[in-house]
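Here's the structure we're looking at; comments come further down.
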2 protein chains.
Amino acid sequence: MLIALRFDCVLSAKELAAVANIAPSTASEHLTKLTVAGLISCKKVGRSRLYSITDGDVCDLIDGITAHADRIGSRHEDKSRLPKAVKHSRLCLDHLGGELGCLVSNAMFSGGYLRHTPKGPEVTRDGEGWLSSHEIGKHFPNEHLRCPLRLCHDWTHGGYHLGGGIAAALLATFVERDWLRTRRGEIAVSLTPKGITGLGKTFGLDLRQVTG
Amino acid sequence: MLIALRFDCVLSAKELAAVANIAPSTASEHLTKLTVAGLISCKKVGRSRLYSITDGDVCDLIDGITAHADRIGSRHEDKSRLPKAVKHSRLCLDHLGGELGCLVSNAMFSGGYLRHTPKGPEVTRDGEGWLSSHEIGKHFPNEHLRCPLRLCHDWTHGGYHLGGGIAAALLATFVERDWLRTRRGEIAVSLTPKGITGLGKTFGLDLRQVTG
DNA sequence: ACAAAACTTCGGTAAATGCCGAAGCATGGC
DNA sequence: GCCATGCTTCGGCATTTACCGAAGTTTTGT
């Protein structure tokens with residue numbers, strides 16, 4: 001349920017019961033436990049109850065646990081079996097991960113558009129200008145519910161890439177400009193020739209290697 | 001058990017059974033589970049098995065969960081009932097917390113001795129010089145096992161203070177210089193007149209209010 | 001070689017947990 | 001006003017869990 005919410009931000013009790021594959025009554029009981037524990041919050045809308053993750057701290061908690069699970073789970077897995085494209089650039093839920101995701105993230109920090117704070121990454125004054133000049137909206141779907149920006153531990157690459165609403169908006173822009181292409185149900189993201197120049201100029205990266 | 005290990009770094013199965021108040025056989029079973037889950041690691045020494053937390057990522061995980069528990073737990077508590085001294089300066093396991101802990105932490109970041117990175121706080125080149133010039137050892141007990149520096153969410157004050165081995169070494173130095181005094185079994189830390197001037201000069205703080 | 005210490009494995013028990021279906025409560029549509 | 005929908009509460013069942021003590025294993029000390 002928490003992982004489903006980590007992706008979809010807002011889900012009803014019925015939907016959460018469906019993803020967990022349990023009866024609505026069981027789901028209801030479990031959802032109250034999660035709510036009492038402060039992990040999720042509930043909002044009554046009509047005759048539905050819409051649940052979402054309480055705040056960014058809880059998101060980090062969930063990410064930390066899933067990242068740990070990935071580390072443990074992949075301990076005896078052969079990572080080299082992953083297609084090269086997936087290692088290089090892949091979707092992490094609804095934003096960009098893999099080597100390309102980490103490169104973009106690093107470039108935005110070293111370019112002074114983002115900075116690290118004890119509460120996580122933050123958009124600088126420069127960054128706000130940069131985002132709007134590139135027509136990358138500060139506004140994204142479910143803005144009021146979703147963590148705008150966070151760091152995502154990248155288990156295929158060992159670094160960090162950007163997550164949260166702004167990261168999702170970034171990916172949407174890249175796809176819109178045909179710099180990247182995604183296919184429904186596939187985790188791999190393909191970098192177009194246009195993207196090599198576009199992303200390269202925008203972030204000062206040499207991406208000719210990344211297509212692999 | 002994990003919280004005990006977060007403080008003591010290395011504990012034997014017997015000791016962990018004692019802190020959890022369960023029979024050695026039960027502890028053994030549980031420790032196996034934690035080990036399989038990759039949360040703790042085991043080292044055979046003589047006839048004992050010494051357990052410690054696997055790595056810094058797991059430390060972060062534990063800290064995140066305890067921090068969340070603090071947030072939730074303190075939601076319906078009356079914080080104002082805490083003695084003023086505890087709110088101002090208190091022990092957080094083996095290092096300095098409370099308002100004073102946060103002030104010292106902030107001063108070290110803004111002084112350029114520490115900086116934030118995605119993996120947590122880091123000592124800068126300046127900071128290393130500063131630490132050694134103040135005779136605050138980079139070396140501390142269990143150095144090889146313990147996280148050297150991390151951020152601790154401070155639930156009495158709402159900010160962050162420093163944790164980890166370096167923070168423990170800092171407190172030890174402050175106590176040694178009689179800037180602060182601790183009493184066995186007590187969480188409150190008292191700031192001496194010497195400390196008001198000493199810490200004040202060292203970190204550029206006006207601490208006359210903090211004694212409260 | 002023998003005993004003690006530290007830990008694990010095994011068998012059994014009591015408590016907690018997850019789960020479901022039926023019934024009960026709100027809300028929205030007709 | 002009435003029914004359908006979405007959710008919760010309740011009672012009860014099956015499974016799982018935590019736990020202990022006894023017995024077994026390895027290592028240390030004498």
Side-chain angles (χ1 to χ4, degrees), chain A residues 1-55 58 61-62 65-66 68-69 72-73 75-76 141-142 144-146, chain B residues 1-54 58 61-62 65-66 68-69 72-73 75-76 141-142 144-145:
Chain A
M1 286 178 169
L2 291 173
I3 291 170
L5 281 172
R6 190 72 192 81
F7 178 31
D8 270 333
C9 304
V10 181
L11 290 168
S12 69
K14 194 188 185 182
E15 292 169 313
L16 287 164
V19 299
N21 203 26
I22 52 176
S25 57
T26 311
S28 173
E29 286 168 354
H30 191 66
L31 287 168
T32 25
K33 287 178 196 171
L34 292 177
T35 307
V36 170
L39 295 171
I40 58 177
S41 312
C42 182
K43 200 180 162 189
K44 287 183 73 169
V45 172
R47 49 190 157 184
S48 287
R49 305 225 165 162
L50 300 183
Y51 289 93
S52 49
I53 295 175
T54 307
D55 56 24
V58 178
L61 220 50
I62 297 166
I65 293 169
T66 51
H68 180 76
I72 298 306
R75 213 154 50 175
H76 300 293
N142 288 317
H144 56 298
L145 291 161
R146 188 165 189 191
Chain B
M1 285 178 168
L2 291 173
I3 290 170
L5 281 172
R6 191 72 191 81
F7 178 30
D8 270 333
C9 304
V10 181
L11 290 169
S12 68
K14 194 187 183 181
E15 292 169 314
L16 287 164
V19 299
N21 203 25
I22 52 176
S25 58
T26 311
S28 172
E29 284 168 355
H30 191 65
L31 288 168
T32 319
K33 287 177 195 170
L34 292 177
T35 307
V36 170
L39 296 171
I40 59 176
S41 313
C42 183
K43 200 181 161 190
K44 287 182 74 169
V45 172
R47 50 190 156 186
S48 286
R49 305 224 165 162
L50 300 184
Y51 289 93
S52 48
I53 295 174
T54 306
V58 177
L61 221 51
I62 297 167
I65 293 169
T66 51
H68 180 77
I72 298 306
R75 213 155 49 177
H76 300 293
N142 287 319
H144 55 298
L145 291 160

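We use all heavy atoms of the structure for the numbers below, so side chains are in, but hydrogens, waters and symmetry mates are not. Letters go in sequence order (proteins before strands), and every chain restarts at 1. Computed from a prediction, not measured in an experiment: that's the story for all the values here.
Per the geometry, CG belonging to A/Leu34 stands 12 Å off P belonging to D/dT8, to the nearest Å. A/Leu50 has its CG atom 12 Å from the P atom of D/dG6, to the nearest Å. Separating the NZ atom of A/Lys33 from the P atom of D/dT8 is a distance of 13 Å, rounded to the nearest angstrom.
Legend: residues meeting side chain to side chain contact (heavy atoms under 4.5 Å, CB included) with A/Ser28, ordered by chain and number and at least two apart, are absent. Scanning for side chain to side chain donor-acceptor pair (under 3.5 Å) contacts around B/Ser41 gives B/Thr54, with sequence neighbours left out. Partners of A/Ala17 according to the side chain to side chain contact (heavy atoms under 4.5 Å, CB included) rule, which considers only residues two or more places apart in sequence or in another chain, are A/Ala27. Partners of A/Ala23 according to the side chain to side chain contact (heavy atoms under 4.5 Å, CB included) rule, which considers only residues two or more places apart in sequence or in another chain, are A/Ser25, A/Thr26. Under the side chain to side chain donor-acceptor pair (under 3.5 Å) criterion, A/His30 pairs with no residue, sequence neighbours left out. Taking B/Ala18 as the reference, nothing meets the side chain to side chain contact (heavy atoms under 4.5 Å, CB included) condition, with sequence neighbours excluded.
Note on A/Ser12: only backbone sugar-phosphate atoms sit closer than 4.0 angstrom, heavy atoms only; bases stay farther off.
Taking the side chain as every heavy atom from C-beta outward, B/Leu31 and B/Met1 approach each other to under 4.5 Å. Proximity of A/Leu39 to B/His68: side-chain heavy atoms (C-beta onward) are separated by under 4.5 Å at one or more points. In this structure, B/Arg49 and B/Leu16 have side chains that are not in contact, with every pair of non-hydrogen atoms separated by 4.5 Å or more. A 4.5 Å side-chain heavy-atom check between B/Val58 and B/Ile40 finds every atom pair outside the cut-off.
Relative to the axis of its first five pairs, the axis of the last five pairs of the helix from C/dA1-D/dT30 to C/dC30-D/dG1 sits at 30°, rounded to 10 degrees.
When every heavy atom of B/Ser52 is checked against every heavy atom of B/Val10, the shortest pair comes out as CB-CG2, 4.4 Å.
A side-chain hydrogen bond (donor to acceptor under 3.5 Å, both in side chains) check over residues 11-20 of chain A, counting only residues at least two apart or in different chains, returns the pairs A/Ser12-A/Glu15.
Within residues 19-29 of chain B, the residues that place at least one heavy atom under 4.0 Å from DNA chain D are, in residue-number order, B/Ile22, B/Ala23, B/Ser25, B/Thr26, B/Glu29.
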Each nucleotide N or O in nucleotides 26-30 of chain D that has a protein N or O under 3.5 Å away: list the pair and distance.
none

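Taken to the nearest 0.5 Å, the CD1 atom of B/Ile62 stands 8.0 Å off from the CD1 atom of B/Ile3.
Heavy-atom contacts of chain A under 4.0 Å fall on DNA chain C between two terminal nucleotides, which in 5' to 3' order are C/dG18 to C/dG28.
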